[in-house]
K.L.:
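Before we start, here is the structure in question, set down as structure tokens.
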There are 4 protein chains.
Amino acid sequence: MGEKSELNVGMIGYGFMGKAHSHAFLCANKYFNLPIKLRMKIICGRTEKNVKHMKEKWGWEDYSLDWKEVVKRDDIDLIDIGTPNNIHVPIILEAAKRGKHVLCEKPLGISVSECRKAVAAVKRAKVYHMIWHNYRKAPALSLAKRLINEGRIGKIFHVRAAFLTESLMDPNRPLGWRLEKEKSGSGAHGDICVHIIDAARFLVSEIREVAGMVETFIKERPLPQKPKQKGKVTVDDMSAFLCRFENGATGVFEATKFARGRKSHNRIEVNGAKGSFIWCSEDMNVLEFYSEADPKHIRGFRKILATEKTHPYIKGYWPPGHIIGYEHTFINALVDFAHAYAEGKMPSPNLMDGLQNQIVLEAVLKSAEMKKWVKVGRLK
Amino acid sequence: MGEKSELNVGMIGYGFMGKAHSHAFLCANKYFNLPIKLRMKIICGRTEKNVKHMKEKWGWEDYSLDWKEVVKRDDIDLIDIGTPNNIHVPIILEAAKRGKHVLCEKPLGISVSECRKAVAAVKRAKVYHMIWHNYRKAPALSLAKRLINEGRIGKIFHVRAAFLTESLMDPNRPLGWRLEKEKSGSGAHGDICVHIIDAARFLVSEIREVAGMVETFIKERPLPQKPKQKGKVTVDDMSAFLCRFENGATGVFEATKFARGRKSHNRIEVNGAKGSFIWCSEDMNVLEFYSEADPKHIRGFRKILATEKTHPYIKGYWPPGHIIGYEHTFINALVDFAHAYAEGKMPSPNLMDGLQNQIVLEAVLKSAEMKKWVKVGRLK
Amino acid sequence: MGEKSELNVGMIGYGFMGKAHSHAFLCANKYFNLPIKLRMKIICGRTEKNVKHMKEKWGWEDYSLDWKEVVKRDDIDLIDIGTPNNIHVPIILEAAKRGKHVLCEKPLGISVSECRKAVAAVKRAKVYHMIWHNYRKAPALSLAKRLINEGRIGKIFHVRAAFLTESLMDPNRPLGWRLEKEKSGSGAHGDICVHIIDAARFLVSEIREVAGMVETFIKERPLPQKPKQKGKVTVDDMSAFLCRFENGATGVFEATKFARGRKSHNRIEVNGAKGSFIWCSEDMNVLEFYSEADPKHIRGFRKILATEKTHPYIKGYWPPGHIIGYEHTFINALVDFAHAYAEGKMPSPNLMDGLQNQIVLEAVLKSAEMKKWVKVGRLK
Amino acid sequence: MGEKSELNVGMIGYGFMGKAHSHAFLCANKYFNLPIKLRMKIICGRTEKNVKHMKEKWGWEDYSLDWKEVVKRDDIDLIDIGTPNNIHVPIILEAAKRGKHVLCEKPLGISVSECRKAVAAVKRAKVYHMIWHNYRKAPALSLAKRLINEGRIGKIFHVRAAFLTESLMDPNRPLGWRLEKEKSGSGAHGDICVHIIDAARFLVSEIREVAGMVETFIKERPLPQKPKQKGKVTVDDMSAFLCRFENGATGVFEATKFARGRKSHNRIEVNGAKGSFIWCSEDMNVLEFYSEADPKHIRGFRKILATEKTHPYIKGYWPPGHIIGYEHTFINALVDFAHAYAEGKMPSPNLMDGLQNQIVLEAVLKSAEMKKWVKVGRLK
């Protein structure tokens with residue numbers, strides 16, 4: 001089991017995810033009784049003003065402008081990564097080399113080959129690692145997994161999943177790092193499709209083969225620094241794929257940032273022989289569940305408000321009917337990490353999930369390019 | 001049991017309800033196998049052009065402009081009433097006198113005292129009678145009753161019901177008969193509140209005492225014939241009441257025609273010790289049901305789409321998932337009437353329900369006037 | 001324009017569709033004022049007892065056991081087809097030869113090549129023809145089309161559609177004609193996927209290329225006549241495909257009869273630059289619509305209950321908030337047919353739509369077999 | 001304006017509300033930039049083990065077992081009260097006497113007369129005060145208020161509100177302080193009905209007269225310390241009332257802890273001449289809004305997911321579509337408090353709202369007892 005009762009955390013990145021992670025580090029042990037302490041030691045980023053601001057806001061003890069320094073510090077036990085995608089693996093490699101445990105945002109990297117290196121490195125270093133697929137930790141989706149384990153869904157026939165936003169529909173939205181292939185790896189595909197891929201792998205089984213497509217609707221956008229000039233968008237605005245799972249189920253997946261009216265609509269439906277369920281992040285405290293075990297005349301999709309003590313993670317929060325928010329999924333992830341560490345188990349999902357998700361992502365892109373079905377490799 | 005295998009129907013009134021009834025008479029024996037035939041013999045109304053048109057449209061064999069003649073005809077077995085409210089009881093009295101069976105639209109009449117006469121008359125005449133509280137016959141609401149009978153709701157604590165429309169919000173809407181007390185008895189109260197009163201009595205128990213209120217928001221409206229002149233609205237635009245049921249449950253009722261955005265929103269929720277359900281006419285094929293008998297972690301309101309063979313009345317219609325419409329509730333009512341007649345049982349709901357509903361309506365009005373709680377009398 | 005003021009109808013087939021069509025023929029001119037009369041002349045099927053029963057139930061004047069005779073009759077103007085799929089085209093060919101107008105259930109046939117013959121025949125014969133894609137005629141889906149035409153959706157980026165049922169999940173369900181390729185052409189694909197293909201073509205544009213998959217989960221089923229013996233299922237239980245539309249939109253389609261809890265869930269979502277909408281047959285009176293034209297802080301998917309006079313087809317029915325049912329979509333289709341005939345216009349959708357739908361169906365099957373993208377041919 | 005840039009907080013009470021308040025004090029200035037600092041100086045409660053635990057969990061600097069001491073401390077600027085109801089006013093009186101600002105949980109007290117004293121005391125002391133009616137601070141409900149202010153609802157005709165839970169249905173639930181009249185004042189009435197009263201007053205206007213009822217379904221419960229003995233429940237399990245608002249609107253209110261399946265279902269619907277809205281705490285990020293200003297054919301209740309920058313409070317949180325949870329309403333309340341203090345304005349809602357809510361609560365109880373309508377007094 002993990003040797004320490006307190007881990008000093010160095011967090012690299014301070015944007016959207018830096019804020020979500022900071023709240024989680026700050027509050028996880030308040031809502032829950034963690035078996036170890038996670039100490040907010042240092043936050044790191046490139047722009048001093050901003051990093052300093054975040055340090056003070058959220059109570060990090062120190063800040064740095066150079067991730068390499070942070071990774072080198074002897075007093076840091078755990079590196080938490082929330083940077084642009086192309087820096088994930090470089091940081092992991094350095095961190096692992098120094099025996100630091102790793103928490104990494106999704107997607108793991110920008111290519112399968114670099115992700116393989118990351119996994120090899122953490123394995124070699126025998127460190128604990130986790131990938132922040134936070135939606136697995138929503139109580140209602142975690143409950144779905146429990147229903148599967150209890151046999152309430154039965155043999156699974158179908159998965160249909162979509163992650164829909166409208167976040168790229170404005171043509172004036174500048175060409176940030178997420179729209180540059182060398183920094184992001186891919187667009188909506190790696191940013192949001194990876195969430196539904198991960199959810200399906202978590203709930204159902206590995207994916208065996210895929211037929212995919214991608215599309216870029218707006219091909220040029222203003223440059224962030226020179227808004228009158230335009231640069232080329234080198235990633236997809238949407239991706240979709242059909243698949244077959246190893247257990248024989250079929251899958252239909254779609255991710256897009258061009259779905260007018262959809263804000264952050266991450267939805268998955270699973271149909272099995274005995275039951276079905278639907279979950280959507282925009283109403284993330286609810287699981288809809290249909291059971292063939294019910295008497296015939298009272299069958300229907302029930303809306304389970306997963307806010308009761310009997311539901312995953314809820315003991316840490318509020319009485320029934322008081323919903324939790326998006327950022328609590330990060331707290332829940334940390335709770336799982338802390339317990340896994342304390343019990344000497346590898347956290348889940350971890351960098352191997354990150355790699356397998358990347359393998360699927362890449363297979364879809366290859367299929368889209370070749371316009372035919374492609375087998376999905378398996379992590380050994 | 002009813003003596004005849006065919007009943008000749010005379011229908012008085014040809015408006016909204018005349019159309020719904022006509023469709024029911026025409027199609028009931030097509031969707032279902034009725035034990036008796038209901039022959040569309042004659043339709044009656046005051047305006048020849050319109051009555052004749054309806055006769056031809058819907059296939060009535062004959063028409064008349066004088067209901068008294070219709071009631072007198074020897075070849076008529078069954079009088080179906082869809083006239084303004086103040087004519088219901090006069091027709092019933094004449095029909096009963098001549099031994100005609102009676103179907104009557106709701107509300108039964110415009111006062112308890114005249115409704116008592118109607119009930120006395122049909123009892124004396126020993127005819128079959130039914131009141132068209134069609135919503136009882138929606139498969140999903142009928143299913144709710146079955147759930148109660150099966151003990152799935154348990155001891156009932158609460159009823160909350162509302163019938164909401166926006167149909168009187170336009171101040172230019174003319175002063176039709178529904179807005180004149182001497183023709184209608186009351187406004188939203190007798191027109192739509194009576195539906196939720198009936199549903200609650202059907203599902204729960206009799207009402208013991210009430211505290212009510214009524215309100216008229218638009219006090220004058222254009223006269224139908226002289227739109228530049230205004231007349232006084234003599235009925236309520238809304239009514240509401242609290243109540244206690246004989247079984248100890250509490251009730252909260254509201255009916256209004258001033259609820260912007262609500263079209264014909266007839267909703268009832270019942271909470272019991274073991275379960276709860278919700279039904280709403282705008283989504284009338286669905287019953288939401290919560291069961292405490294479910295395992296703790298999978299409790300939730302289930303949306304039962306009451307379109308399967310196992311559900312009330314559905315055998316006559318379509319495969320699962322194919323919804324029926326508003327007018328089918330009238331077909332279902334006729335199906336029940338025909339079976340009751342053939343089996344020699346009094347149909348349900350019948351004129352005694354109409355009277356008891358009227359007793360509740362009147363108690364609410366009295367309470368509203370006296371500004372205190374009022375006991376509800378019981379039909380002996 | 002159509003020459004006659006009354007068309008004598010001969011209907012072939014008396015099952016689920018026979019009942020839906022009968023109700024439509026019986027009631028279309030009651031709810032609406034049709035410009036022509038559709039006379040229920042003769043119903044035709046193979047089993048005398050059943051045909052006769054349907055004739056009497058629904059008021060057909062005559063019946064026949066031989067469709068060829070019906071088609072030959074001089075007093076028949078219009079042939080309505082609701083038989084197994086493999087008989088559609090043969091009947092059409094004979095009917096067209098004799099100058100009869102044609103209404104045909106979907107799918108048009110079992111192969112593109114025979115469907116081409118059907119279209120050639122009706123063109124040659126210059127008869128009026130319609131294919132019963134009834135869902136186009138649901139008021140709420142028809143309203144969606146109006147919103148597109150009004151420019152409220154804008155350039156369309158995405159279509160996602162699914163038709164989900166659980167109707168084949170019981171392994172004891174016998175091997176009926178729908179499961180035999182030579183009678184049905186395909187399984188869920190031709191039976192229900194065709195509906196969502198048609199809806200997308202109706203709403204968006206033609207489909208340019210597809211990548212598809214099919215799956216058969218239960219490969220053998222009891223023979224209808226010898227339930228102890230099993231026969232091979234020769235069609236799909238599910239199909240799915242990705243596509244690109246000619247206007248540049250992407251599409252994700254899925255049809256299955258193995259979605260536990262889904263009854264007849266025919267759902268389509270369309271996302272455009274200015275707005276999005278969602279429609280689902282299980283709640284068919286509702287259209288969900290999101291408009292970017294709304295002020296920013298009050299944007300959201302609105303649930304339009306398409307039951308008001310301003311909505312398509314509703315003038316024939318009931319006041320606001322009173323929903324119509326599944327079978328009314330058939331009435332609406334007949335209304336459109338009658339008006340098109342009277343005005344001398346080709347009804348829509350018609351056999352050319354049936355053929356184009358078949359071209360898409362077949363392209364998907366070919367793609368599934370070849371495991372690569374396939375171009376979709378275009379009807380000239 | 002408030003004189004200090006930092007307020008030292010002493011919080012009395014450490015239960016459900018103590019946790020919610022602690023999170024708010026800890027995080028308000030992290031999500032938002034508060035104009036003043038709120039320092040978590042001391043937490044106070046009666047049971048040392050528990051208070052100490054909460055102090056350490058949530059980072060209070062100190063703890064105490066005696067609220068009188070806390071109130072006396074010179075280094076405390078602000079007293080935050082989350083104790084049983086009967087201690088609220090005594091603490092306020094002491095706090096005000098010493099010039100401390102006050103935050104108080106709802107309901108303000110257990111009687112109108114003591115609440116009047118509290119209000120008099122804070123007025124005399126000229127301190128800032130707020131009552132924690134946190135639901136006003138849910139972005140979606142705050143948006144509703146904005147819609148009213150913008151004239152999008154128009155003249156209001158109806159309010160219907162219900163706060164439904166099932167939290168007292170277990171007869172083995174012991175007789176805690178909330179079930180003892182001398183400690184709580186009333187039951188569901190003061191605990192949850194007060195929330196919907198406050199919401200209606202916030203959104204609509206003051207209440208002019210009421211007709212109420214209360215009911216206690218389980219009249220004896222196990223004593224907390226001696227579970228084999230039973231004690232008398234001296235408060236209501238449910239309350240309901242009809243009312244008229246000063247602006248002429250009607251109201252229907254119900255609060256109960258006996259609604260099977262309802263977890264913390266705090267729902268309010270408001271109907272006006274131009275629009276309507278519905279809000280429910282179980283789905284608290286959503287506001288349903290209907291606007292008569294929309295073109296006729298696209299009117300419907302829109303589901304506004306109030307998670308965009310344009311919505312109240314959201315700038316502090318996450319990108320569109322990422323929901324916030326129950327406890328964020330407390331953060332939002334603190335944000336409002338801090339700004340009011342810094343700008344020298346009285347926060348809203350404050351103790352005068354608490355008193356007016358109490359006046360309504362008491363009028364309802366009086367009406368229930370007298371079984372007639374009762375006028376509601378007005379705070380001068």
Side-chain angles (χ1 to χ4, degrees), chain A residues 15-17 19-20 22-23 26-34 53-54 56-60 134-135 138 163-167 192 259 261-266 280-286 302-308 311 316-331, chain D residues 15-17 19-20 22-23 26-34 53-54 56-59 134-135 138-139 163-167 192 259 261-266 280-286 302-308 311 316-331:
Chain A
F16 175 16
M17 282 306 112
K19 184 169 153 190
S22 293
H23 179 263
L26 182 67
C27 292
N29 194 45
K30 293 174 172 58
Y31 285 111
F32 296 86
N33 293 317
L34 298 194
H53 177 78
M54 282 296 285
E56 274 153 28
K57 270 283 165 196
W58 289 94
W60 291 90
N134 62 302
Y135 291 113
F163 201 138
L164 312 176
T165 83
E166 57 182 355
S167 57
I192 54 177
R262 298 306 194 176
K263 307 305 176 180
S264 183
H265 187 92
N266 169 2
C280 178
S281 64
E282 285 181 358
D283 195 14
M284 65 168 237
N285 294 274
V286 168
R302 32 160 92 67
K303 269 182 92 162
I304 305 170
L305 190 56
T307 58
E308 311 215 33
H311 294 132
Y317 299 108
W318 310 107
H322 297 77
I323 65 169
I324 61 169
Y326 166 72
E327 66 265 64
H328 297 78
T329 56
F330 293 89
I331 291 180
Chain D
F16 175 17
M17 282 305 112
K19 184 170 153 189
S22 293
H23 180 263
L26 182 68
C27 292
N29 194 45
K30 293 173 173 58
Y31 285 110
F32 295 86
N33 293 316
L34 298 194
H53 177 79
M54 282 296 285
E56 273 152 31
K57 269 283 165 195
W58 289 93
N134 62 303
Y135 291 113
F163 201 139
L164 312 176
T165 82
E166 58 182 354
S167 56
I192 54 178
R262 298 306 194 176
K263 306 307 176 178
S264 182
H265 188 92
N266 169 2
C280 178
S281 64
E282 285 182 357
D283 195 15
M284 65 169 238
N285 294 272
V286 169
R302 32 159 93 66
K303 267 181 95 161
I304 305 170
L305 190 57
T307 58
E308 312 215 33
H311 294 133
Y317 299 108
W318 311 109
H322 297 77
I323 66 170
I324 61 169
Y326 166 72
E327 66 265 65
H328 297 78
T329 56
F330 292 89
I331 291 181

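As a basis for the values below, the full set of heavy atoms in this structure was taken, side chains included, without hydrogen atoms, waters or symmetry mates. Order of the sequence lines fixes the chain letters, A, B, ..., with proteins taken first and strands second; residue numbering starts at 1 for each chain.
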K.L.:
If the plane angle is over 60° it's perpendicular, under 30° parallel, otherwise tilted; pick one for A/Y326 and D/W318.
P.N.:
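It falls in the perpendicular class, over 60°.
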K.L.:
Which heavy atom in A/F32 sits nearest to a heavy atom in D/K57, and how many Å separate them?
P.N.:
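That would be O-NZ, 2.7 Å.
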K.L.:
At a 4.5 Å cut-off on heavy atoms, which part of A/H23 comes close to chain D: side chain, backbone, both, or neither?
P.N.:
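Side chain only.
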K.L.:
Which of the residues A/S167, A/S22, A/G261, A/S264 is involved in the greatest number of heavy-atom pairs with chain D at under 4.5 angstrom?
P.N.:
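Heavy-atom pair counts peak at A/S264.
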K.L.:
Which region of A/N33, side chain (C-beta onward) or backbone (N, CA, C, O), has a non-hydrogen atom less than 4.5 Å from a non-hydrogen atom of chain D, or is it both or neither?
P.N.:
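When you check distances to chain D, atoms from both the backbone and side chain of A/N33 fall under 4.5 Å.
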K.L.:
In terms of heavy-atom proximity below 4.5 Å to chain D, should A/E308 be classed as side chain, backbone, both, or neither?
P.N.:
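When you check distances to chain D, only side chain atoms of A/E308 fall under 4.5 Å.
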K.L.:
For A/I323, is it the side chain, the backbone, both, or neither that has a heavy atom closer than 4.5 Å to a heavy atom of chain D?
P.N.:
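Answer is both: backbone and side chain atoms of A/I323 are under 4.5 Å from chain D.
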K.L.:
Below 4.5 Å, heavy-atom pairs only: which of D/T307, D/N29, D/V286 has the largest tally toward chain A?
P.N.:
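Max contact count across the listed options: D/N29.
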K.L.:
Any sub-3.5 Å donor-acceptor pair from A/K19's side-chain atoms to D/Y317's backbone N or O?
P.N.:
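The answer is yes, because a donor-acceptor pair under 3.5 Å joins these two groups.
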K.L.:
Please flag which part of A/H328 lies under 4.5 Å from any non-hydrogen atom of chain D: side chain, backbone, both or neither.
P.N.:
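Just its side chain gets close to chain D.
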K.L.:
Under 3.5 Å, is there a donor-acceptor pair between the side chain of A/K263 and the main chain of D/P319?
P.N.:
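Side chain of A/K263 to backbone of D/P319: no pair is present.
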K.L.:
Pick whichever of D/M284, D/E327, D/E56 has the most heavy-atom pairs under 4.5 Å with chain A.
P.N.:
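Top option by heavy-atom pairs under 4.5 Å: D/E327.
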